[in-house]
Amino acid sequence: MKTFQSQISDADLRILRIYKTVVECGGFSAAEVTLNISRAAISIAISDLETRLGFRLCQRGRSGFSLTNEGSQVYEHTLQLLSSIEDFRTHINAIHQHLKGELNIGITDNLVTLPHTRITHSLAGLKDKGPQVTVNIRMIPPTDVERGVLDGGLHVGIVPDLKILSGLEYHHLYEEESKLYCSNTHPLFDVDDRNISKAKLKNYDAVLPAYAQTPEIKTQYQPLQASATATDREGVAFLILTGRYIGFLPDHVAAHWERDGRMRAILPHECRYITQFSAITRKGARTNLVLETFLEELEKTA
């Protein structure tokens, strides 16, 4: 005896829906209008289904259309299957309409001024879909974000791609450009870039980041005289604004000081670098509908 052991595919579901319509219409000819496909196509579909199942479903011919005993049973089981699929869809929609729980997200400092507002829009979309969801944001250094996602304390993190960790999934977000800046009280502020060279930069105190950087980015710091460090970009900005230091800042962080005439970029075509940012999640983490919804919203903003 032949048994049906294969998984049910989308094609199988389509044929079962055709079969259901044929039975309810009382034959192939009557089902043509409802299905909007030819009688020949219907006949092929039913024949394929009979081949898959291994028995005849109906009698068709001059004597008219009638179901075999097996065909009647398949019809009843088809109704149950399609009803279960619809119930599943309804229940999933209900879950989305009643999203509950928490989203614990760790974010590297000073990203709120980025012109790309993907994180903001995604959090807004999550809140619209789940008004009862609680969002907990922690503003912490990249290494702490990575550690939090790996140990499960954070569901998702936003970090620069400084190193790729095997236990994390990376979802690319955007690029951030950084340039070398000084303040309006620094000796270089009024000096034309044509009179500045990278070699001359060693004559001025510079603030360097006390956090990890890629080898490519580190080459930009080599010409500088390191006399101060900062654990985040806000600390770098503090020291640049003293007028005693030069340092690298992302363009979006320096923008409002630049508009106010309080900062300027030095050799902007030479002293610059790009940082890639990604959302990170833990590989193999337990399914979390709140997190999945947030990631779906991130994809929409791409």
Side-chain angles (χ1 to χ4, degrees), residues 7-14 17 80-176 232-233 250 252-253 274-302:
Q7 293 183 346
I8 296 176
S9 66
D10 289 342
D12 294 326
L13 290 173
R14 175 181 172 275
R17 289 189 175 97
Q80 293 174 21
L81 174 61
L82 297 179
S83 176
S84 296
I85 292 172
E86 188 56 38
D87 286 345
F88 175 80
R89 183 181 293 113
T90 300
H91 290 316
I92 293 301
N93 288 339
I95 291 172
H96 277 289
Q97 290 168 8
H98 299 92
L99 267 179
K100 294 181 181 179
E102 293 186 341
L103 179 72
N104 299 321
I105 178 171
I107 304 179
T108 302
D109 70 297
N110 296 117
L111 293 184
V112 71
T113 51
L114 271 167
H116 315 287
T117 54
R118 291 185 63 184
I119 301 171
T120 303
H121 286 315
S122 301
L123 289 171
L126 174 64
K127 188 63 175 174
D128 289 343
K129 288 186 175 180
Q132 297 182 57
V133 170
T134 300
V135 177
N136 303 306
I137 293 180
R138 294 180 61 193
M139 302 301 298
I140 49 180
T143 52
D144 291 343
V145 175
E146 293 167 341
R147 190 179 303 114
V149 173
L150 286 170
D151 66 22
L154 296 172
H155 297 118
V156 61
I158 311 298
V159 297
D161 297 354
L162 302 179
K163 56 182 178 180
I164 303 300
L165 302 181
S166 60
L168 297 174
E169 297 277 2
Y170 290 78
H171 314 264
H172 179 69
L173 292 178
Y174 34 58
E175 297 178 343
E176 174 190 78
D232 54 41
R233 282 92 68 87
H252 64 90
V253 174
I274 299 293
T275 304
Q276 308 281 344
F277 274 82
S278 292
I280 56 171
T281 53
R282 189 177 66 183
K283 286 183 179 177
R286 188 174 63 183
T287 301
N288 179 328
L289 191 56
V290 172
L291 173 59
E292 288 180 1
T293 303
F294 174 72
L295 294 176
E296 286 172 5
E297 292 298 315
L298 271 183
E299 284 299 315
K300 290 179 184 178
T301 63

Practice task
Show the numbers, then the answer: is there a side chain to side chain contact (heavy atoms under 4.5 Å, CB included) between Leu13 and Leu81?
Solution key: CA-CA 9 Å; Leu13 290 173; Leu81 174 61; 3.8 Å; yes

Problem - Minimum-distance pair of heavy atoms, taken over all atoms of Val149 and Leu168 - result: CG1-CD2, 3.6 Å

Completion exercise
Rounding to 0.5 Å, atoms OG1 (Thr293) and CG (Asp128) come to a distance of 12.0 Å

Practice task
Please round to the nearest 0.5 Å and tell me the distance separating atom CD of Glu169 and atom CG of Leu295.
Solution key: 10.0 Å

Practice task
Taking the side chain as every heavy atom from C-beta outward, state whether Leu82 and Arg17 have any pair of such atoms under 4.5 Å apart.
Solution key: yes

Exercise for the section: Write down the atom of His172, the atom of Ser278, and the distance for their closest heavy-atom approach. Expected result: CA-OG, 3.6 Å

Practice task
Evaluate the criterion side chain to side chain contact (heavy atoms under 4.5 Å, CB included) for residue pair His155 and Asn288; output intermediate values, then yes/no.
Solution key: CA-CA 9 Å; His155 297 118; Asn288 179 328; 3.5 Å; yes

Completion exercise
Taking every heavy atom of Pro160 against every heavy atom of Thr275, the minimum-distance pair comes out as CB-CG2, 3.5 Å

Problem - Lys283, NZ: over 12 other non-hydrogen atoms inside 6.0 angstrom - result: yes

Practice task
Find the distance between OH (Tyr170) and CD1 (Ile164) and round it off to the nearest 0.5 Å.
Solution key: 4.5 Å

Fill in the blank from the handout: Taken to the nearest 0.5 Å, the spacing of Ile107 CD1 from Met139 CE works out to 5.5 Å

Exercise for the section: Taking the side chain as every heavy atom from C-beta outward, state whether Leu298 and His171 have any pair of such atoms under 4.5 Å apart. Expected result: no

Handout entry: Ile119 to Phe294 - nearest heavy-atom pair and separation
Key = O-CE1, 4.5 Å

Exercise for the section: Show your working on side chain to side chain contact (heavy atoms under 4.5 Å, CB included) between Leu103 and Leu291 and close with a plain yes or no. Expected result: CA-CA 7 Å; Leu103 179 72; Leu291 173 59; 4.2 Å; yes

Exercise for the section: Would you give the length of the straight line joining atom CD1 of Ile85 to atom CD of Gln80, rounded to the nearest 0.5 angstrom? Expected result: 12.5 Å

Handout entry: Heavy-atom closest contact (Asp144 atom, Leu154 atom, distance)
Key = O-CD1, 4.5 Å

Completion exercise
dist Glu297:CD -> Lys300:NZ (nearest 0.5 Å) comes out at 4.0 Å

Completion exercise
What one should report as the nearest heavy-atom pair of Arg118 and Leu173 is NH1-O, 2.7 Å

Problem - Step-by-step side chain to side chain contact (heavy atoms under 4.5 Å, CB included) determination, Leu165 to Ile280 - result: CA-CA 10 Å; Leu165 302 181; Ile280 56 171; over 6 Å; no

Problem - Backbone N/O of Val156 and side chain of Thr281: donor-acceptor pair under 3.5 Å - result: no

